[in-house]
Amino acid sequence: MTWTLPNTLTLLRLLAAPGVAIMFLYFARPIADWCALILFVGAALTDWLDGYLARSWKQETKLGAMLDPIADKAMVVIALMVIVGYSSYSPWLVLPATVILFREVFVSGLREYLGDVAGTLKVTKIAKWKTTVQMVAIAVLFLQGVFEHYVGMSVFGMDSAMVEDILDGKTDDVLGLRWKVAGMQYAGDVGLVLLWIAAALTAISGFDYLRKAWPHVREHP
């Protein structure tokens, strides 16, 4: 095994995946949200960095090619699990998350079935775009969780009438409730739209992979 810097970064990204969930076991919110967000964004950036360094330094290896998609899938699957787990299980969130998780499991099983042939099926631009959009959507949804918890802290002890007066501008907003609510709503809406776009790209890339793999599946039933 060749432990180049790109491979090391990929391994660190793989190890960071469960760390996103562990943050919520050892830290209270919103500290856990911040830690998960920073860890996820940092790991997502290494996804671009390790590939860039491997190509620039001509250090592309079979180990890196194996670990890279595993690390990407682990990051996405675990992060979505955490987001859905801490959400209100809205179908608008659960449905695109289900599409993404189903595709990743299905394609992983198909690759295992194809064996060595799977390595001949090139990664398409759509697949790369779906990974990028997934990462951005998840990061924005983590940010929504940060705003949501700060809103909860700000309204603690207030009745609904007082909250409405602050949001309507009838009462001074000394705690910055209005911008926290605006941030929560904006991040939630943007994150959800991006997640649906990611789900659509995920479904398209999964179908494309199946289409390319189907001749090999038919040859080896």
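Summarising the geometry, atom OH belonging to Y26 is positioned 14.0 Å from atom SG belonging to C35; distances are rounded to the nearest 0.5 Å. Between the CG atom of L95 and the OG atom of S90 there is a distance of 8.5 Å, given to the nearest 0.5 Å. Separation of atoms CG (L9) and CG (D47) is listed at 11.0 Å; rounding is to 0.5 Å. To the nearest 0.5 Å, atoms OG1 (T131) and CD (E104) are separated by 7.0 Å. To the nearest 0.5 angstrom, T4 atom OG1 is 3.5 Å from N7 atom CG. How far OH of Y52 is from OG1 of T46: 16.0 Å, rounded to the nearest 0.5 Å.
Residues D72 and M135 meet the side-chain proximity criterion, which asks for heavy atoms closer than 4.5 Å. Looking at heavy atoms from C-beta onward, D208 lies out of side-chain contact with I126 at the 4.5 angstrom threshold. Residues L80 and L195 are in side-chain contact: their nearest non-hydrogen atoms beyond the backbone lie under 4.5 Å apart. Put simply, the side chain of I100 reaches to within 4.5 Å of the side chain of V76, judged on heavy atoms. Residues V181 and L177 meet the side-chain proximity criterion, which asks for heavy atoms closer than 4.5 Å. Counting heavy atoms from C-beta outward, L93 and L141 have side chains that approach closer than 4.5 Å. Proximity of F142 to V20: side-chain heavy atoms (C-beta onward) are separated by under 4.5 Å at one or more points.
With hydrogens and angles disregarded, a donor-acceptor distance shorter than 3.5 Å links the side chain of D173 to the backbone of R178. Counting only distance, with no hydrogens or angles, the side chain of K170 and the backbone of E164 share no donor-acceptor pair below 3.5 Å. In this structure, W196 contributes its side chain and W92 its backbone to a donor-acceptor pair below 3.5 Å. Within the 3.5 Å criterion, the main-chain N or O of H149 finds no donor-acceptor partner in the side chain of R29.
When the side chains of ILVMFWY residues are joined at heavy-atom separations under 4.5 Å, either directly or via intervening members, V163 and V151 end up in a single hydrophobic cluster. Hydrophobic clustering (ILVMFWY, side-chain heavy atoms < 4.5 Å, transitive): V84 and M184 are in one cluster. Both M81 and L37 belong to a single network of hydrophobic side chains, linked directly or stepwise wherever heavy atoms of I, L, V, M, F, W or Y lie under 4.5 Å apart. Criterion: ILVMFWY side-chain heavy atoms under 4.5 Å apart, direct or through other members. Under it, V146 and F24 are part of a common hydrophobic cluster. When the side chains of ILVMFWY residues are joined at heavy-atom separations under 4.5 Å, either directly or via intervening members, M153 and V174 end up in a single hydrophobic cluster.
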Check: What do the steps show when you test M162 against V155 for side chain to side chain contact (heavy atoms under 4.5 Å, CB included), and what is the final call?
Finding: CA-CA 9 Å; M162 182 179 295; V155 301; over 6 Å; no
Checklist line | Derivation of the side chain to side chain contact (heavy atoms under 4.5 Å, CB included) call for L101 and T98 | finding: CA-CA 5 Å; L101 296 180; T98 301; 5.9 Å; no
Note to self: Could you walk me through whether Y86 and D33 satisfy the side chain to side chain contact (heavy atoms under 4.5 Å, CB included) test, starting with their C-alpha distance in whole Å, then the side-chain angles of each, then the deciding distance to 0.1 Å, before giving a yes or no?
What the structure shows: CA-CA 10 Å; Y86 280 91; D33 298 86; over 6 Å; no
Check: For Q144 and I83, what are the C-alpha separation, side-chain angles and deciding distance, and is it a side chain to side chain contact (heavy atoms under 4.5 Å, CB included)?
Finding: CA-CA 10 Å; Q144 189 231 0; I83 290 171; over 6 Å; no
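The two residues P6 and L53 come nearest to each other via the heavy atoms CG-CB, 3.8 Å. Annotation for P18 and I78: closest pair N-CD1, 3.7 Å, computed over non-hydrogen atoms. Smallest separation of non-hydrogen atoms from R13 and M75: O-SD, 3.6 Å. Summarising the geometry of P96 relative to P91, their closest heavy-atom pair is CD-O, 4.1 Å, with the distance given to 0.1 Å. What you find for F40 and A139 is that their closest heavy atoms are CE2-N, 4.0 Å. Annotation for A187 and L143: closest pair CB-C, 4.5 Å, computed over non-hydrogen atoms.
Checked by atom type, the side-chain pair T10/D50 shows a donor-acceptor distance below 3.5 Å. No donor-acceptor contact under 3.5 angstrom links the side chains of K73 and S108, judged on distance only.
A cation-pi geometry, defined here as NZ or CZ lying under 6.0 Å from the six-membered ring centre and within 45° of its normal, does not hold between R111 and F106.
Relative orientation of the F147 and W179 rings is perpendicular, given thresholds of 30° and 60° on the angle between their planes.
By the side-chain contact (heavy atoms from CB on, under 4.5 Å) test, V190 is found to be paired with V140, Y186, L194, residues two or more places apart in sequence or in another chain being considered.
Screening K130, Q134, R103 for a side chain to side chain donor-acceptor pair (under 3.5 Å) involving T202 leaves a single residue, Q134.
Dense packing is recorded around CG of D159, with more than 12 heavy atoms of other residues, nucleotides or ligands lying under 6.0 Å away.
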